[in-house]
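To start, the structure under review is shown below, and the notes come after it.
Sequence lines set the chain letters: A, B, ... in the order given, protein chains first and strands last, and positions in each chain run from 1.
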2 protein chains.
Amino acid sequence: MTVQHARSANIYDLRQASPTLPPAGVRPDDACDLFQGLGARMSFDRDEEIFGEGEPADFVYRVISGAVRTYRVLNDGRRQIGDFHLAGDLFGLEAGREHMLSAEAIGRCDILVCRRSTLFGLAARSPDLGQALWAQTARELERAQAHLMLLGRKSACERVATFLGALAGRQPGNREITLHMSRQDIADYLGLTIETVSRTFTQLQADGVIALNGCRHVRIVSIGALERLTE
Amino acid sequence: MTVQHARSANIYDLRQASPTLPPAGVRPDDACDLFQGLGARMSFDRDEEIFGEGEPADFVYRVISGAVRTYRVLNDGRRQIGDFHLAGDLFGLEAGREHMLSAEAIGRCDILVCRRSTLFGLAARSPDLGQALWAQTARELERAQAHLMLLGRKSACERVATFLGALAGRQPGNREITLHMSRQDIADYLGLTIETVSRTFTQLQADGVIALNGCRHVRIVSIGALERLTE
DNA sequence: CGTATCGTTGAAATATATCAATCGCAGTGG
DNA sequence: CCACTGCGATTGATATATTTCAACGATACG
């Protein structure tokens with residue numbers, strides 16, 4: 001891991017934190033301006049841990065480039081990925097003292113890191129910032145709740161379709177999706193096995209819904225068909 | 001649904017909101033005292049809707065007695081219950097304008113209702129309350145994330161065991177659990193079918209882990225065995 | 001006491017997991 | 001430039017947990 005200061009960066013442009021979600025009741029934009037120049041830039045290698053479950057949540061992170069997974073594991077190694085964080089996304093923000101999940105770099109990536117205590121101190125005096133922090137947590141909650149529906153009640157095909165649709169939704173008008181994560185990561189995110197994920201990709205391609213250009217590049221051929229599969 | 005004022009009640013005793021979770025970084029207790037006497041008491045009948053997904057989130061709710069389920073449904077009727085809320089629990093608190101899930105009374109129940117705008121107004125001036133509201137959302141997020149692990153990676157038996165263990169954990173030292181919800185509710189919470197839930201209960205009883213006194217009353221015979229099944 | 005609703009149990013079907021082999025691509029070294 | 005190697009992805013065959021379909025039982029209620 002390497003560190004360098006990045007005074008010009010702005011860890012708190014919350015507008016981009018979760019572009020797929022509807023706007024929350026609060027407008028974090030105002031608060032963002034207060035945080036020009038905060039944070040240090042760090043680089044992480046593939047599979048490097050950024051923080052671990054149960055560790056003190058002393059920092060807040062923002063993805064500059066690359067991708068991050070947050071996850072939990074059971075004793076016997078079964079893993080559930082809670083979310084993927086792509087460029088622009090915030091992660092690691094906790095109301096409590098400790099991290100509830102672990103975070104790892106999916107590939108080599110650059111991360112902006114900011115002390116939590118700084119934000120908390122400022123938030124105690126700035127209601128706008130306080131609301132922005134809350135809104136960020138609320139967005140994560142909304143994503144988690146949508147994911148509960150997926151894991152609890154959707155078929156393998158619907159899970160994969162929902163996943164691809166959500167990724168496509170992040171770049172509106174863009175039917176070309178680059179998968180930063182492996183099949184194992186996707187499987188652990190969708191509550192499936194790699195084999196089922198692979199088979200489902202193949203099936204979607206056979207049905208003319210998507211086209212695969214190498215296993216990390218998906219082109220959505222029929223958005224309508226994909227959304228129909230989403231349920 | 002019936003309404004009556006309850007000046008002596010305190011919707012904001014957040015201490016009891018989620019007793020199974022570890023204490024968050026903020027201490028809501030101080031903020032709670034600010035809210036003596038807020039809210040109106042309402043009663044809901046079995047299966048009555050308290051609020052619907054997408055509706056304006058103008059109120060915050062607290063369970064006085066009975067139980068509430070929050071859930072989402074897909075077009076074809078598949079339902080995923082996000083959480084159960086028992087006496088003392090807060091629910092319906094949103095950072096955004098709209099409810100992300102629907103809420104229904106599981107049985108006849110009494111609910112304390114408080115205007116959200118009141119809380120928001122006060123929170124803008126009270127950092128403590130602001131933190132308390134945030135902590136409440138963070139607790140919900142933590143519960144959702146634990147549930148992701150359950151739905152994505154645990155077996156039917158582990159799901160049921162985890163569910164029973166969590167319920168028992170709400171009344172420490174109490175091995176007697178009263179199930180306020182039907183088998184269908186449990187199934188929709190655990191991402192299973194009623195039949196599988198029923199069979200799993202039977203199996204746990206056969207294995208000497210639990211004892212059933214009628215389908216709504218469970219006695220945990222071996223806490224150790226139950227926790228081992230939890231994984 | 002009859003009726004409705006919910007829960008349990010059984011048998012069969014099926015979606016997904018598991019086990020195992022092959023494929024394909026990227027990097028490496030001859 | 002081409003074989004070699006290694007790891008991830010795909011495909012196939014089989015196993016299995018859970019669902020589905022169906023019948024029966026229990027409990028609550030009027």
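The nearest whole Å value for the distance from the CD1 atom in B:Ile186 to the C1' atom in C:dC6 is 12 Å. Rounded to an integer number of Å, the gap from A:Met181 CE to D:dG8 C1' is 15 Å. When the P atom of D:dT18 is taken as reference, atom CD1 of B:Ile194 falls 16 Å away, rounded to whole Å. Here D:dT10 presents its P atom at 13 Å from CD of A:Gln184, a figure rounded to the nearest Å. Atom CZ of A:Arg183 is separated from atom C1' of D:dC7 by 14 Å (rounded to the nearest Å). The interatomic distance linking B:Arg78 (CZ) with C:dA15 (C1') rounds to 13 Å, in whole Å. Atom-to-atom, CG of B:Leu212 to C1' of C:dT9 comes out at 14 Å; the value is rounded to the nearest Å. Between the P atom of C:dC6 and the CZ atom of B:Phe201 lies a distance of 17 Å, rounded to the nearest Å.
Sequence neighbours left out, the pairs with a member in residues 214-231 of chain B that pass salt bridge (Lys or Arg N to Asp or Glu O under 4.0 Å) are A:Arg78-B:Glu231, B:Glu176-B:Arg219. For residues 206-231 of chain B, there are no ring-ring contact (aromatic ring centres under 6.0 Å, His included) pairs, not counting sequence neighbours.
If you find the closest nucleotide of DNA chain C to B:Thr202 and to B:Asp47, the one lying nearer the 5' end belongs to B:Asp47.
Counting non-hydrogen atoms under 4.0 angstrom, B:Arg46 reaches the backbone sugars and phosphates but no base.
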Summary of protein contacts for nucleotides 23-30 of chain D, nucleotide by nucleotide, where a base hit scores B, a sugar-phosphate-only hit scores S (4.0 Å, heavy atoms): --------

Contact pattern, 5' to 3', of nucleotides 17-27 of chain C - B, S or - by protein heavy atom under 4.0 Å: SBB--------

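Every residue meeting the ring pair (Phe, Tyr, Trp, His ring centres under 6.0 Å) condition with A:Tyr189, not counting sequence neighbours, appears here in chain and number order: A:Phe84, A:His147, A:Phe163.
Rounding to the nearest 0.5 Å gives a distance of 11.0 Å between CZ of A:Phe201 and SG of A:Cys157. In this structure, CG in A:Leu90 is found 8.0 Å from CD in A:Glu140, a value given to the nearest 0.5 Å.
Using bins of under 30°, 30° to 60° and over 60° for the plane-to-plane angle, the ring pair A:Tyr61/A:Phe91 lands in the parallel bin.
Taking 4.0 Å as the cut-off between side-chain N and carboxylate O, A:Asp89 and A:Arg170 count as a salt-bridged pair. Electrostatic pairing of B:Arg69 and B:Asp185 counts as a salt bridge here, judged by a charged N lying under 4.0 Å from a carboxylate O.
Of all nucleotides listed (D:dT10, C:dG7, C:dT16), C:dG7 comes nearest to the side chain of B:Arg216.
Partner A:Met42 forms a side chain to side chain contact (heavy atoms under 4.5 Å, CB included) with one of A:Asp110, A:Ile64, A:Val113 and no other, that one being A:Val113.
Where the helix from C:dC1-D:dG30 to C:dG30-D:dC1 starts and where it ends, the local axes point in directions that differ by 30°; five pairs per end, rounded to 10°.
At a cut-off of 3.5 Å, with distance as the only test, a side-chain donor of A:Tyr71 or A:Glu104 sits close to an acceptor on the other residue.
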Stepwise side chain to side chain donor-acceptor pair (under 3.5 Å) check, A:Thr70 with A:Asp83: CA-CA 6 Å; A:Thr70 51; A:Asp83 219 338; over 6 Å; no

